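Order of the sequence lines fixes the chain letters, A, B, ..., with proteins taken first and strands second; residue numbering starts at 1 for each chain. Bear in mind the structure is a predicted one, so any value in this text is a computation, not a measurement.
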Number of protein chains: 2
Amino acid sequence: MLHDPAQLDLMFQALADPARRQMVERLSRGPASVSQLAEPLAMSLSAVVQHLNVLEASGLVRTEKLGRVRTCRIEPKALRAAERWINERRLAWERRLDRLGDFLAETKDET
Amino acid sequence: MLHDPAQLDLMFQALADPARRQMVERLSRGPASVSQLAEPLAMSLSAVVQHLNVLEASGLVRTEKLGRVRTCRIEPKALRAAERWINERRLAWERRLDRLGDFLAETKDET
DNA sequence: TCAATAGTGAAGTAGTTACTTCAGTATTTA
DNA sequence: TAAATACTGAAGTAACTACTTCACTATTGA
């Protein structure tokens with residue numbers, strides 16, 4: 001389900017915005033309320049809530065409301081899914097380069 | 001330079017589109033020409049070139065033109081930068097959870 | 001109970017994105 | 001040298017994004 005292309009779209013889209021990355025950065029240091037997330041950002045609370053909704057829809061952030069305070073926290077499983085997608089492609093490429101290097105080294109030996 | 005927020009914007013933005021991820025996927029298996037990249041995609045060549053320009057501007061893909069053929073290949077350094085950003089945030093969160101677990105285990109022992 | 005706090009939701013807007021088509025330019029190949 | 005190949009670039013368009021403001025609803029604390 002986390003390999004679902006649509007889910008990956010949402011995750012990378014979510015991470016493409018600097019304000020949202022700043023929110024994830026803040027949350028990586030521990031849970032926070034909406035106002036705490038908004039505090040360092042130069043935009044309206046409404047805008048922050050909209051960014052938060054993007055993050056939540058992507059699965060990268062989970063929130064929970066208690067009383068009038070909404071507490072937000074990171075969902076490491078989703079982060080790991082995005083990380084893995086990149087990692088797998090990079091490794092495929094690097095393994096290819098290694099094999100190519102081996103091949104070239106071998107052919108050189110044969111001359 | 002690869003930690004530059006603007007560069008991360010471009011990379012995550014680039015990865016947010018399924019067509020572009022498919023192109024990266026293809027390139028992870030080896031270099032390809034523009035037409036080879038376009039072949040499995042249900043869109044015009046022009047659209048593919050536009051996607052390719054986005055990938056190139058993000059630094060994820062490097063291209064080189066020889067004769068009339070433009071050959072594209074992955075830039076693993078850029079992939080690694082995106083990967084690292086996610087990884088660092090995820091690890092920060094997980095280390096926090098570990099410390100919290102230790103703390104709770106200790107407090108329990110003290111009862 | 002009344003004011004302050006914390007967030008929600010809708011509507012509007014400027015700018016961006018993901019395409020399209022069409023017309024063009026080099027470079028090869030027959 | 002003529003036709004086919006491999007792109008390239010500009011212009012147009014529909015949908016989407018990142019905000020804004022303003023009006024609103026719960027919840028909490030004095």
S.K.: Give one of base, sugar-phosphate or nothing for B/S35, where a contact means two heavy atoms less than 4.0 Å apart.
M.R.: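 It contacts sugar-phosphate atoms only.
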S.K.: Hey, is the main chain of B/S33 close enough, under 3.5 Å, to the side chain of B/Q36 for a donor-acceptor pair?
M.R.: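 It does hold such a pair.
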S.K.: What's the CE-C1' distance between B/M43 and C/dA18, to the nearest Å?
M.R.: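 It works out to 8 Å between those atoms.
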S.K.: Should the ring pair A/F12 and B/F12 be called parallel, tilted or perpendicular, given that the plane angle runs from 0 to 90° and is split at 30 and 60?
M.R.: parallel
S.K.: For A/L15, is there any backbone N or O sitting under 3.5 Å from a side-chain donor or acceptor partner on A/R21?
M.R.: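 Present.
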S.K.: Rounded to whole Å, how long is the line connecting atom CD of B/E64 with atom P of D/dA6?
M.R.: 18 Å
S.K.: May I have the distance from A/L66 (atom CG) to D/dA26 (atom C1'), rounded to whole angstrom?
M.R.: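 Atom CG in A/L66 sits about 14 Å away from atom C1' in D/dA26.
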S.K.: Look at the side-chain N and O atoms of B/H51 and state whether any lies under 4.0 Å from the OP1 or OP2 oxygen of C/dC19.
M.R.: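 For C/dC19, OP1 or OP2 has a side-chain N or O of B/H51 closer than 4.0 Å.
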S.K.: Just by distance, do the side chain of B/R73 and the backbone of B/P31 share a donor-acceptor pair under 3.5 Å?
M.R.: no
S.K.: Pick the nucleotide of DNA chain D nearest each of B/V69 and A/A16; which residue has the one closer to the 5' end?
M.R.: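 Nearest nucleotide further toward 5': that of B/V69.
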S.K.: Using a distance-only test with no angle check, is there a side-chain donor-acceptor pair under 3.5 angstrom linking B/T63 and B/E56?
M.R.: yes
S.K.: Before accepting this row, confirm whether a basic side-chain N of the pair B/E25/A/R89 lies closer than 4.0 Å to the acidic partner's carboxylate O.
M.R.: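 Yes, this pair counts.
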S.K.: For residues 17-32 of chain A, which residues have at least one heavy atom under 4.0 Å from DNA chain D?
M.R.: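 Within this stretch, A/D17, A/R20 sit under 4.0 Å of the strand.
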S.K.: Under a 4.5 Å side-chain heavy-atom rule over Ile, Leu, Val, Met, Phe, Trp and Tyr, are A/V54 and A/V24 clustered together?
M.R.: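 No, A/V54 does not connect to A/V24 through the hydrophobic network.
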S.K.: Cation-pi check for B/W93 against B/R90: NZ or CZ below 6.0 Å from the six-membered ring centre and within 45 degrees of the axis, yes or no?
M.R.: no
S.K.: Just the atom pairs and distances: protein N or O near nucleotides 8-11 of chain D's N or O, under 3.5 Å.
M.R.:
from  : atom 1 : to    : atom 2 : distance (Å)
D/dT8 : OP1    : B/K65 : NZ     : 3.2
D/dT8 : OP2    : B/R70 : NH1    : 2.6
D/dG9 : O6     : B/S46 : OG     : 2.4

S.K.: Considering only heavy atoms from C-beta outward, does the side chain of B/R26 approach that of B/E39 to under 4.5 Å?
M.R.: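 Contact flag for B/R26/B/E39 side chains = no.
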S.K.: Any ion pair linking B/R99 and B/E94 (charged N to carboxylate O, less than 4.0 Å)?
M.R.: no
S.K.: Between the main-chain N or O of A/Q13 and the side-chain N or O of B/Q13, is there a donor-acceptor pair closer than 3.5 Å?
M.R.: no
S.K.: Anything under 3.5 Å between a protein N or O and an N or O of nucleotides 3-5 of chain C, put it in a table, one pair a line.
M.R.:
from  : atom 1 : to    : atom 2 : distance (Å)
C/dT5 : O2     : A/R68 : NH1    : 2.5

S.K.: Send over the distance from A/E39 CD to C/dA6 P, rounded to a whole Å.
M.R.: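 Taking atom P of C/dA6 as the reference, CD of A/E39 is at 12 Å.
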